[in-house]
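Quick notes on the structure that follows.
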2 protein chains.
Amino acid sequence: MSVRERKERERAGRHRLIVATARELAETQGWDAVTTRRLAERIEYSQPVLYSHFRGRKEIVGAVALEGFAELADALRAAARSGPAGRDAVTATAGAYVDFAARNPALYDAMFSLDNGLPFADDATPAPLREAFEALVEPLAGHAQPAEPGLFVETFWAALHGLVTLTRGGRLPAGRADDRLALLVDRFVPHGAR
Amino acid sequence: MSVRERKERERAGRHRLIVATARELAETQGWDAVTTRRLAERIEYSQPVLYSHFRGRKEIVGAVALEGFAELADALRAAARSGPAGRDAVTATAGAYVDFAARNPALYDAMFSLDNGLPFADDATPAPLREAFEALVEPLAGHAQPAEPGLFVETFWAALHGLVTLTRGGRLPAGRADDRLALLVDRFVPHGAR
DNA sequence: TTGAATGTCTAGCACTGCTAGAATTCGAGC
DNA sequence: GCTCGAATTCTAGCAGTGCTAGACATTCAA
């Protein structure tokens, strides 16, 4: 049944094409520009084809977001692994997080701001989500001090996310973003900690 | 020219009616349900009337957001004024912020998540925005320690915002939201501070 | 009472996500 | 190699969106 396999391969390829095209369109023109018609035109198929791969627009956003979580996990792990340990690892990881958001704004939106239908703190949470969170836990958990590591990392993550979204939405002056990040790290992992 | 005055009064009343209706519709059915048609039907006028008051949907969101900033400023001031000073004032203020967001989710979205066209860190920033931020500065600035008060308050605010949005979006388990808030306050204003 | 200005509405444009059913393509069996 | 049936893809359309041009009504001043 090689024919069946070939068809499945082609189908998988088209699946990836849709996700990649949606992502590129979102990154260059914003998620508002990612309409089913435009997307269909770009992949050179009609709209209904999209619905044979995804339940609807939201699920496409979710697929892009999933890619994002995998890449974010990589970026965080790379930052933590790149050398420094202890407090410096936290600084590097936080910096990598903010950089990731700055470099992939639309991707970040798909992951955290838009409704992507992905289950988060849930049994069904996809592996890439868990891995991205784990990549945050590793350098941070040791500094939780009296607090529970889980809560500590969640709170730190939320703070990072707040900085990212408010800065990018123009709610905070962009000029001193680095200083705010340094301040945040300093409050969660004070100088002098090992 | 009493006729002119009456007309202006009526017009102002209708303006308020639009904002109030949009807010109520958003709070009960979400911002997606706030369409120009539905809004027009509720206020018992045709859609074009909306455009004689606002440039477009975005400006209506902005008007609702502006109400929100005034109310947030009130809520924060009330919390800080309600008794405690020093560290307790920070706890009370942070709690009031989170409560405000939980009690008025759609309003909070209009203020911080949706595109409302309001200028933030800008010369033209409307007074209610400034006042809300000032209400955060007052109890917090004293604890900035070596950091600049402005940066300190901005970062704390961002952290609060991150907690609020991630919790409400289901990205963080809702159960331990209070613990995360306590942890955050503890990191920014450690126990033993005066 | 008329004229003009102000106000409001009807109707419509170009777009959205999504889908029913027609049309086509393609591989399996003869 | 040819035909038939199934899988796939497309055309066409629905009900909804934000927004607006131009027709219509109302209201006030002369």
Side-chain angles (χ1 to χ4, degrees), chain A residues 1-19 21-23 25-26 28-65 106 109-110 113-117, chain B residues 1-19 21-23 25-26 28-65 106 109-110 113-117:
Chain A
M1 286 296 158
S2 165
V3 172
R4 183 196 194 85
E5 286 174 11
R6 195 205 71 220
K7 288 210 169 184
E8 278 175 10
R9 253 197 334 268
E10 285 173 357
R11 209 182 145 71
R14 200 171 60 180
H15 193 96
R16 284 192 300 272
L17 176 63
I18 293 172
V19 176
T21 307
R23 176 175 175 176
L25 201 45
T28 55
Q29 310 198 45
W31 276 106
D32 280 353
V34 183
T35 68
T36 55
R37 277 168 180 74
R38 234 187 300 258
L39 199 45
E41 197 198 7
R42 292 272 178 117
I43 65 166
E44 298 182 313
Y45 282 95
S46 63
Q47 295 108 303
V49 167
L50 300 174
Y51 292 87
S52 78
H53 286 269
F54 302 94
R55 254 188 265 274
R57 205 190 97 110
K58 187 199 286 191
E59 216 171 274
I60 298 177
V61 177
V64 173
D109 282 345
S113 298
L114 301 179
D115 184 11
N116 58 27
Chain B
M1 285 294 163
S2 167
V3 172
R4 182 195 195 87
E5 285 173 11
R6 196 204 70 223
K7 290 211 167 182
E8 278 175 9
R9 255 198 331 271
E10 285 173 357
R11 207 181 148 71
R14 199 171 61 182
H15 193 97
R16 283 192 302 273
L17 176 64
I18 294 172
V19 177
T21 305
R23 176 175 174 175
L25 201 46
T28 55
Q29 311 197 43
W31 276 106
D32 279 353
V34 183
T35 68
T36 54
R37 277 169 179 73
R38 234 186 300 258
L39 199 46
E41 197 198 7
R42 292 272 178 117
I43 66 167
E44 298 183 312
Y45 283 93
S46 64
Q47 295 109 302
V49 167
L50 299 173
Y51 292 86
S52 79
H53 287 268
F54 302 95
R55 253 187 268 272
R57 205 191 100 111
K58 187 199 286 190
E59 215 171 276
I60 297 177
V61 176
V64 173
D109 282 345
S113 298
L114 302 178
D115 184 12
N116 58 28

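Residue numbers start from 1 in every chain, and the chains themselves are labelled A, B, ... in the order their sequence lines are given, proteins ahead of strands.
Taking atom OH of residue B:Y51 and atom P of nucleotide D:dA21, one finds them 12 Å apart after rounding to whole Å. We find that CZ of A:R57 is positioned 15 Å from P of C:dT19, with the value rounded to whole Å. Taking atom CZ of B:R55 as the reference point, atom P of D:dT20 lies 11 Å away to the nearest angstrom. Summarising the geometry, the separation between CD on B:E41 and P on C:dT10 is reported as 13 Å, rounded to the nearest angstrom. Going from atom CD of B:E10 over to atom P of D:dT26 covers 16 Å, rounded to whole Å. Note: CD (A:E44) to P (D:dT8) measures 21 Å, nearest angstrom. Protein atom NE2 of B:H53 is 16 Å distant from nucleotide atom P of D:dT20, rounded to whole Å. For B:K58 and D:dT17, the NZ to C1' distance is 17 Å, given to the nearest whole Å.
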Distances under 3.5 Å between nitrogen or oxygen atoms of protein and nucleotides 4-8 of chain C:
unit_1 : atom_1 : unit_2 : atom_2 : d
C:dT8  : OP1    : B:R14  : NH1    : 2.9
C:dT8  : OP2    : B:R14  : NH1    : 3.3
C:dT8  : OP2    : B:R14  : NH2    : 3.0

Can you give me the N/O atom pairs linking the protein to nucleotides 13-15 of chain D at distances under 3.5 Å, or say none if there are none?
unit_1 : atom_1 : unit_2 : atom_2 : d
D:dG13 : O6     : A:R37  : NH2    : 3.4

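Scanning for side chain to side chain contact (heavy atoms under 4.5 Å, CB included) contacts around B:A63 gives B:V19, B:F54, with sequence neighbours left out. Every side chain to side chain contact (heavy atoms under 4.5 Å, CB included) that B:R11 has, sequence neighbours left out, goes to B:R14, B:S52, B:H53. Legend: residues meeting salt bridge (Lys or Arg N to Asp or Glu O under 4.0 Å) with A:R57, ordered by chain and number and at least two apart, are absent.
B:R38 comes within contact range of the sugar-phosphate backbone alone, with a heavy-atom separation under 4.0 Å but no base atom that close.
Taking for each of B:D32 and A:P48 the nucleotide of DNA chain D with the nearest heavy atom, the 5'-most of the two is the partner of A:P48.
Note that CD1 of A:I60 and NE2 of A:H15 are 9.0 Å apart. Values are rounded to the nearest 0.5 Å.
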Pair up each side-chain donor or acceptor in residues 29-49 of chain B with any protein partner under 3.5 Å, not counting sequence neighbours, and list the distances.
unit_1 : atom_1 : unit_2 : atom_2 : d
B:W31  : NE1    : B:A106 : O      : 2.8
B:T35  : OG1    : B:R38  : N      : 3.1
B:R38  : NE     : B:A33  : O      : 2.8

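When all heavy atoms of B:A110 and B:N116 are compared, the closest pair comes out as O-ND2, 2.7 Å. For the pair A:L17 and A:T21, the tightest heavy-atom approach, listed with the atom from each and the gap, is O-OG1, 2.6 Å.
Of the side-chain N and O atoms in B:T35, one or more sit less than 4.0 angstrom from OP1 or OP2 of D:dT17.
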